[in-house]
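Here is the structure we will look at.
Here is the naming used below: chain letters follow the sequence lines, and residue numbers restart at 1 for every chain. Since we're looking at a predicted model, the values are computed, not measured.
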Protein chains: 2
Amino acid sequence: MSLNMDELDEVSQILKLLGDKTRLTMMKLLEKRECCVCELVEIFKMSQPSVSQHLRKLKDAGLVKENRKGQWIFYSVNPNSVQHELIQNLIAFVPSQDHQLEELEKKGLRISCD
Amino acid sequence: MSLNMDELDEVSQILKLLGDKTRLTMMKLLEKRECCVCELVEIFKMSQPSVSQHLRKLKDAGLVKENRKGQWIFYSVNPNSVQHELIQNLIAFVPSQDHQLEELEKKGLRISCD
DNA sequence: TCAGTATATAACTATACGCTTATATGATCA
DNA sequence: TGATCATATAAGCGTATAGTTATATACTGA
């Protein structure tokens, strides 16, 4: 998120970013647990570059953070973003996406580094 | 707002609509008090068709309602919209636009039908 | 160091969006 | 009824956006 933004710009930029169904769902997922790109590709049935580009927008705005573990990069909601309270508020209105994560597990496609 | 929309569609559509700075500001204003198109034209320094088109989008989604008074049509936030709680939540994060209304008064451009 | 896997970036395309100008519709009032 | 004011709609334009395929970068492990 740019430094010289007033609050109105901040809020509208966040809403614009999350006005996309894919990114909104991503945030709901990444609030629950961190995911790597390949997991999100599987969940969204979407090309890997497309997923990467969405993540980059979210990251550029400070909404998610990345955490490399070996060859994977795990993304999760950044709890230190500006307007984090707004974001949490929004996400609370998004239907749970837990079934997506459960299906990943079922297919044995969940990446774990523990 | 279309009838066969799931909750995720509803939420993302609202965020997309309010991801525009003009419409977001409009909602903040129209929550405070109803305004007619010509007042909004003055406030936003924008062409009348542009303002009308923004209002139509908000109205098509059920976010605002209209109220004709003589030759004017006054718009205000619709308290019976789907996801109204979400909308109120969002608007609470938008900086106050009261100064806009005060300036209208000062310029003698406020339309009153009482 | 090389092959394989994960992710990012570049380039392109089709569509959506916001704005403008021009015009149509609708209400008021003499 | 005709002039005027308020609002809506139509058409067109420039730009932004989300997706694709192709390619580059980066890490892992033999």
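At least one side-chain nitrogen or oxygen of A:Thr22 sits closer than 4.0 Å to the OP1 or OP2 atom of D:dG19. OP1 or OP2 of D:dA18 has at least one side-chain nitrogen or oxygen of A:Lys57 nearer than 4.0 Å. For B:His54, no side-chain nitrogen or oxygen approaches OP1 or OP2 of C:dC17 to under 4.0 Å.
Atom CZ of A:Arg33 has more than 12 neighbouring heavy atoms from other residues, nucleotides or ligands inside a 6.0 Å radius. Atom CD of A:Glu85 sits in a sparse spot, with 12 or fewer heavy atoms from other residues, nucleotides or ligands closer than 6.0 Å.
In terms of the salt bridge (charged side-chain N to carboxylate O under 4.0 Å, His left out) criterion, residue partners of B:Lys21 (sequence neighbours excluded) are, by chain and number, A:Asp9.
If you take CG of B:Leu58 and C1' of C:dG18, they are 13 Å apart, rounded to a whole angstrom. Remark: C1' of C:dT20 and CZ of B:Phe44 are 18 Å apart, rounded to the nearest angstrom. Per the geometry, CG belonging to B:Asp20 stands 17 Å off P belonging to C:dA16, to the nearest Å. Between the CZ atom of B:Arg23 and the C1' atom of C:dC17 there is a distance of 8 Å, rounded to whole Å. Taking atom CG of residue B:Leu18 and atom P of nucleotide C:dG18, one finds them 11 Å apart after rounding to whole Å. Rounded to whole angstrom, the span from the CG atom of B:Leu24 across to the P atom of C:dC17 amounts to 17 Å. Regarding B:Met46, its CE atom lies at a distance of 16 Å from the C1' atom of C:dT21, rounded to whole Å. To the nearest angstrom, C1' of D:dT17 lies 14 Å from CD of A:Gln13.
Using a cutoff of 4.0 Å between basic side-chain nitrogens and carboxylate oxygens, A:Lys106 and A:Glu102 are not scored as salt-bridged.
Between B:Ile73 and B:Leu55, the closest side-chain pair of non-hydrogen atoms is not below 4.5 Å.
Of all non-hydrogen atoms in B:Phe93 and A:Glu7, the two that sit nearest each other are O-OE2, 3.8 Å.
Side-chain N or O atoms of B:Arg68 include one that pairs as donor or acceptor with a backbone N or O of B:Gly70 at under 3.5 Å.
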B/S/- contact track for nucleotides 2-15 of chain D, protein heavy atom under 4.0 Å: ---BSBBBB-----
